[in-house]
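Read the structure below first, then the notes.
Basis for what follows: all heavy atoms, side chains included, without hydrogens, waters or symmetry-related copies. Proteins get letters first, then strands, A, B, ... in listed order; numbering begins at 1 in each.
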Amino acid sequence: MRILSSEVTTHVGDTITLKGWVQSRRDHGGLIFIDIRDHQGITQLVIQPETAEAFALAEQLRDEFVISASGLVREREQHLKNPNITTGGVELKVDDLVILNRSEPLPIQLHGEAMASEDLRLKYRYLDLRRPKMQTMLKKRAEAYKRIRDFMEARDFTEVTTPIIANSSPEGARDFLIPSRIHPGTFYALPQAPQQFKQLLMVGGVARYYQLAACFRDEDPRADRLYGEFYQLDLEMSFVEDGEEVRALTEPLIKSLVTDFAGKQLLSADIPRLTYVESMERYGSDKPDLRYGMELIELSDELATSGFGVFTNAIKSGGAVKAICVPGAASLSRSQIDSFTDIAKAEGAGGLAYLNFADGDVKSPIAKFLQPDELATIKLKTGAADGDIVFFGADTRTVVNKVLGRLRVEFANHFKLKDPNIIALAWIIDFPFYEIDEATQKLDFSHNPFSMPKGGLTALRGTDKLSIVADQYDMVMNGYEICSGGVRNHNPEVMYEVFGVLGYDKAYVDARFGAMIGAFKYGAPPHAGCAFGIDRILMELTGETNIREVVAFPKNGSGVDVMMSSPSVVEAAQLKELHIETVE
RNA sequence: GGGCUCGUAGUGAAGUGGUUAUCACGCCUCCCUGUCACGGAGGAGAUCACCGGUUCAAAUCCGGCCGGGCCCGCCA
């Protein structure tokens, strides 16, 4: 009878068979111990010289040989039990041993403290996946999928798969293109998201849709961003005109993933809503980590007439002066402060002014420019105490928020303020619909053009386009954007106007979003939805800082699959079929 | 596209100008009947990523180049 390691303790006295890999071999000359590993755990095998054939084979065993071992399960004598492993109370006395397959010495070590580099792990991912941590990861991922599906199905959502071979979308990320063989010179594209399909499903009468959807984007990766493909819980609901309905529906899922699934603690039972403007002003980011404080403090009014030119000039030219109080920062060395200054400069700051509060006094190169009452106000408003440092940003409001927002994260890292057991969630709402593109200095979409502008046509036709707010919302988890959604624009007239604001005419919209705009003319219900980034959620909930750790076969940081050697060159004949004549 | 950083036996690390490049794990040979990261004795294994330069002398300093990682740009 073949059983698994997890069952072996219940089979004392039975003759059983275990199949698995050799985890370790301890050869005592006249007695050999083998730890055999299957996907459920480890069991100790004992091979004695009396079983000569098995013993001879056991002497040949090396790490990761695949074996089948049969014999009697027996309880170990008390002093031989190993409390450190779950099967440590028993062992299998082997009568019959079969080597199912041999293994060369491994190119990476799977056990012990020396972890191979990520590049080698990815090259030999099929070996890396044998590590218990990776096995657990794959199981956790599957469990998350099941929990998500159970949750959605229980709420009357229908999973619909949408095309993988889709069409290029003019907005957003760079597409992966697929040349058409049948239609020379034309291309399919892998979808960046099922956005348009799911909206068309709403028109198609699928009242509640969801999908664990593969999304494809050809953009440079990051530690928290996979190259190429990633997975979203994509969902959409008909007859929803208030985004709060989507937020309220999805919150219990995320909360239960945090608590029941990951065993982590929510910072607060209620998930706060912050407007985009509020989030930028208080945290300098649209994805703030709420596990720690250090909020940005507005000091423009208080320092408008100070003697420090950097401050007053920023305010005079329409900018802002804000501060961040870092508790205990007086312990920072001069060179550490310099490195934070470098970060601030990299984000666009001219420098990094600061006040060092110590011994009831203020120490700082800029203190002499400030009046005692100004120093007192700064101390009061920032809540600075002895041992704290208050850092300043003085520039345009955008730069100040960006700089201090980045520093806030850096200080949290430096002072280890990110409690890995706490999960802080927040909804960021009311994103600006339009923004000024830095490069072109022209008005452009701030986010996607599919969400409903709050105020509709009236707002779109108003004079202040930058104040138009999209009915759009992101969920943020510990400083990571894990969800983006919105109340969609289902009204053709409003849709044309949304593009019209940027100078695009009807023909432009019809050419690029023809199916959508066409469908909206035939009784499109109002609808809203969102999409959660599953990989990123899994990363944060499993305490990883690299998203590739939660994926079985990820591309590396250069977009290469070092195991399969993709991308790769293809046969000239293949290219010819696809009407591709030259490849540089 | 840009910035920072790393590259030393199969793996992980040490080595900031000077004998034969060090250690651990792994590998090979031998010994060992209660180990569980078994133990003991011995051994093999490195063009110090690559190319060039400085120097009496380079793993080490300089330049270039290739590759990895992180970040910026980018990611509706």
Can you tell me which nucleotide in B:C27, B:A76, B:G68 comes closest to the side chain of A:Arg62? B:C27
Report which part of the nucleic acid A:Ala346 touches: base, sugar-phosphate, or nothing (heavy-atom distance under 4.0 Å, all strands). nothing
Check every strand shown and say whether A:His28 touches a base, only sugar-phosphate, or nothing at a heavy-atom separation below 4.0 Å. base
Examine A:Arg512 relative to A:Tyr508 and say whether NZ or CZ is less than 6.0 Å from the centre of the six-membered ring and inside a 45° cone about the ring axis. yes
Closest to the A:Arg222 side chain: B:C74, B:C38, B:C36? B:C74
Whole-Å distance between B:U35 P and A:Arg25 CZ? 18 Å
Let's test your reading of the model: under 3.5 Å, does the base of B:G10 pair with the side chain of A:Gln109 as donor and acceptor? yes
If you measure from the C1' atom in B:A9 to the same atom in B:A24, how many Å do you get, rounded? 13 Å
Which part of the nucleic acid, if any, lies within reach of A:Arg536 when heavy atoms closer than 4.0 Å are counted: base, sugar-phosphate only, or nothing? nothing
What contact category does A:Glu50 fall into here, base, sugar-phosphate, or nothing, at under 4.0 angstrom with non-hydrogen atoms? base
Identify whether any heavy atom of A:Leu120 sits under 4.0 Å from a base atom; if not, whether one sits that close to sugar-phosphate; answer base, sugar-phosphate or nothing. sugar-phosphate
Set of residues satisfying side chain to side chain contact (heavy atoms under 4.5 Å, CB included) with respect to A:Leu57, sequence neighbours excluded: A:Gln60, A:Leu97, A:Ile99
Answer with base, sugar-phosphate or nothing: what part of the nucleic acid does A:Arg76 contact at a heavy-atom distance below 4.0 Å? base
I'd like to know if A:Gln48 reaches the base of B:U33 with its side chain, counting only an N/O donor and acceptor under 3.5 Å. no
Let's test your reading of the model: under 3.5 Å, does the base of B:G73 pair with the side chain of A:Asp220 as donor and acceptor? yes
Within the 4.0 Å heavy-atom criterion, would you say A:Gln192 contacts the bases, only the backbone, or no part of the nucleic acid? nothing
Would you kindly check whether a donor in the side chain of A:Arg225 faces an acceptor in the base of B:C74, or vice versa, at under 3.5 angstrom? yes
Below 3.5 Å, does any donor atom in the side chain of A:Arg74 face an acceptor in the base of B:G34, or the other way round? yes
Answer with base, sugar-phosphate or nothing: what part of the nucleic acid does A:Asn556 contact at a heavy-atom distance below 4.0 Å? sugar-phosphate
B:C48 versus B:U60 - spacing of their C1' atoms, nearest Å: 10 Å
Given B:G68, B:C70, B:A76, identify the nucleotide with an atom nearest to the side chain of A:Asn546. B:C70
Would you measure the distance from the C1' atom in B:A14 across to the matching atom in B:A59 and give it in whole Å? 12 Å
Which part of the nucleic acid does A:Ser117 contact within heavy-atom distance under 4.0 Å: base, sugar-phosphate only, or nothing? sugar-phosphate
With a non-hydrogen cut-off below 4.0 angstrom, is A:Arg548 in contact with a base, only sugar-phosphate, or nothing? sugar-phosphate
Answer with yes or no whether A:Glu64 presents, from its side chain, a donor or acceptor under 3.5 Å of a partner atom in the base of B:G26. no
Nearest of B:G12, B:U29, B:G34 to any side-chain atom of A:Ala116? B:G12
Pairwise P distance, B:A21 and B:C28 [rounded to whole Å]: 26 Å
Within the 4.0 Å heavy-atom criterion, would you say A:Glu435 contacts the bases, only the backbone, or no part of the nucleic acid? nothing
